[in-house]
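Read the structure below first, then the notes.
Just the heavy atoms: all of them, side chains too, but no hydrogens, waters or symmetry mates, feed the values below. FYI, the numbering just counts along the sequence from 1. In each ligand, atom 1 is the first atom listed, and ligand 1 is the first ligand listed.
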Amino acid sequence: MIDVRDRADILRWLREKDSARLQKLWAAADQVRRENVGDEVHLRGLIEISNYCCRQCGYCGIRAGNHGLERYRMTAGEILQCARQAVRYKYGTVVMQAGEDYGIETEWLAGIVRQIKRETPLAVTLSLGERPDKDLETWKQAGADRYLLRFETSDQELYELIHPKFAGGFKNRLAVLDVLRNLGYEVGSGVMVGIPGQTYDTLAGDIETFRALDLDMIGVGPYISHPATPLGSGEWTRRVPPAGQVQNTELMTYKTVALARLVCPQANIPSTTALATINKANGRELGLARGANVVMPNLTPVKYRALYEIYPAKACIDETSGQCRTCLYARIQSLGRTVGKGQGGRRR
Ligand code: SAH
């Protein structure tokens, strides 16, 4: 069995090129996954409820500064229809994600959460950015179960470069994770792999941070360049020696997923859409075989989907088409895994 005790161990794996040795990493992650969270693959229905955003994240296509993008916010009725669809598909969870949109009013969303919890057996996950403590508390009281907020990078200098100051910077994001934990949410976080300016040391630090935060959920995917952003256009850069720059490849993403599994054995870890985007043929399966145990099929109404363009050419499992749905089940079963039943929360 592989021991990942400190940063040096993590760094060695991140730099490993030998495919026979990497097989050992994949096998270890798969075994730790099986022993801790079992063979079920939990499906979380993703509802992208709004693409309005007040932030200026340098990598993200729905940033406020992207004036070329038509904006939408789903109605309560549309969101509830998606939640009912999730029930028909036998998912255990819906994830409501959006830009940081204060047009999503606190009480309005609380009402939707209450209705979903009253009407359905679903777990409710929110991913709405750095909202004030009061909002997070109101939504928890309304019945929300989990919250996803990636810290994006543990390197404060890189963080500040790619997130123009808004409400307190890097420390604020970590503080929000703390608030979420104290409110009783299951807490998810994560990073992008291969952000320009991300070094091996940074990524190793990110993985150590997963462990330090004892995350319930960890989302990692490759950084995908979006031309309508300052990072994508090259306007903002932090130059690092080429040998130090982490590449935004599939392989680096699998390494990060596998190491995340080893440092947080019980976490729920999705095989992300960004990973499926850079390898549409079998990225999702390889993620599941190398530590992941969750997939997030997209339930957003088709008319909005193209507008939630955080990066270009986003892959999606289009669960509104029956064909895609059958195919997803077949793919999971072909890995010798089963489709999860129930909410699939953090096991302890
Ligand atoms: N507003 C919410 C949701 C953001 S979108 C929040 O701030 O948490 C969800 C995730 O998509 C982000 O946390 C980020 O890690 C990822 N993402 C954004 N732009 C991306 C890009 N260009 N490539 C890959 N992932 C990206």
Side-chain angles (χ1 to χ4, degrees), residues 44 46-66 69 71 73 95-104 109 125-132 135-136 139 146-154 158-159 162-164 166-167 169-170 172-174 176-177 180 185 187-198 203 206 210 215 217-234 236 246-250 252-253 256 260 270 272-279 283 296 298 300 305 307-316:
R44 323 288 201 199
L46 178 64
I47 315 173
E48 294 156 334
I49 66 174
S50 160
N51 72 347
Y52 283 92
C53 191
C54 62
R55 306 294 292 254
Q56 297 288 5
C57 305
Y59 44 83
C60 183
I62 67 169
R63 66 199 299 274
N66 184 2
L69 184 66
R71 304 284 169 165
R73 189 178 300 119
V95 180
M96 290 187 255
Q97 191 180 78
E100 195 163 312
D101 172 17
Y102 290 89
I104 296 176
L109 188 71
T125 303
L126 302 177
S127 178
L128 305 171
E130 287 173 52
R131 299 284 299 224
D135 295 4
L136 302 174
W139 297 333
R146 310 178 189 142
Y147 204 98
L148 305 175
L149 183 72
R150 293 185 178 177
F151 60 82
E152 315 291 3
T153 174
S154 59
L158 179 60
Y159 185 94
I162 64 181
H163 300 99
F166 181 79
F170 179 66
N172 193 58
R173 200 150 259 241
L174 293 182
V176 176
L177 290 175
L180 290 165
Y185 281 96
V187 178
S189 197
V191 298
M192 287 169 284
V193 175
I195 316 166
Q198 181 187 59
L203 183 55
D206 296 346
F210 298 161
L215 293 173
M217 301 167 283
I218 304 173
V220 294
Y223 161 74
I224 299 173
S225 174
H226 190 305
T229 63
L231 276 187
S233 69
W236 298 354
V246 170
Q247 300 302 310
N248 58 340
T249 57
E250 240 187 296
M252 282 307 296
T253 307
T256 310
T272 53
T273 307
L275 178 56
T277 298
I278 61 170
N279 175 353
M296 298 172 68
N298 199 334
T300 309
R305 244 181 240 187
L307 300 176
Y308 198 81
E309 195 194 48
I310 51 185
Y311 48 80
K314 219 169 76 194
C316 75

Problem set entry | Candidate pair E48 and R305, rule salt bridge (charged side-chain N to carboxylate O under 4.0 Å, His left out), full reasoning | CA-CA 8 Å; E48 294 156 334; R305 244 181 240 187; 5.6 Å; no
Seminar exercise, completed: Among I195, L231, I224, the residue with a heavy atom nearest to atom 21 (C) of ligand 1 is I224
Exercise. Quick one: does ligand 1 sit under 4.0 Å from the side chain of E130, the backbone, both or neither, non-hydrogen atoms only?
Worked result: neither
For this session: Number the atoms of ligand 1 from 1 as they appear, then name those within less than 4.0 Å of a heavy atom of L149, with their elements.
Result: 8 (O)
Exercise. Between the main-chain N or O of G65 and the side-chain N or O of Q56, is there a donor-acceptor pair closer than 3.5 Å?
Worked result: yes
For this session: Write out the residue and atom name of the closest protein heavy atom to atom 16 (C) of ligand 1, then the distance separating them to 0.1 Å.
Result: R150 NH1, 3.7 Å
Exercise. Is there a donor-acceptor pair closer than 3.5 Å between any side-chain N or O of T272 and the backbone N or O of V220?
Worked result: yes
Exercise. R131 near ligand 1, heavy-atom distance under 4.0 Å?
Worked result: no
Problem set entry | Pair E309-Y311, side-chain donor/acceptor within less than 3.5 Å | no
For this session: Kindly identify the option in R173, M192, E309 whose heavy atom sits closest to atom 7 (O) of ligand 1.
Result: R173
For this session: Just go through P312, G219, P222 and tell me whose heavy atom is the nearest to atom 24 (C) of ligand 1.
Result: P222
Problem set entry | Heavy atom of H226, distance to ligand 1 below 4.0 Å | no
Exercise. Would you say the side-chain atoms of R173 pair up with the backbone N or O of F151, donor to acceptor, closer than 3.5 Å?
Worked result: no
For this session: Check whether any side-chain N or O of D206 sits under 3.5 Å from a backbone N or O of T153 as a donor-acceptor pair, and report yes or no.
Result: no
Problem set entry | Test item, G99 contacting ligand 1 (heavy atom, 4.0 angstrom) | yes
For this session: Between A98, G188, G232, G129, flag the one that comes closest to atom 3 (C) of ligand 1 by a heavy atom.
Result: A98
Exercise. How close does the nearest protein non-hydrogen atom get to atom 12 (C) of ligand 1, and which residue and atom is it?
Worked result: E152 OE2, 3.3 Å
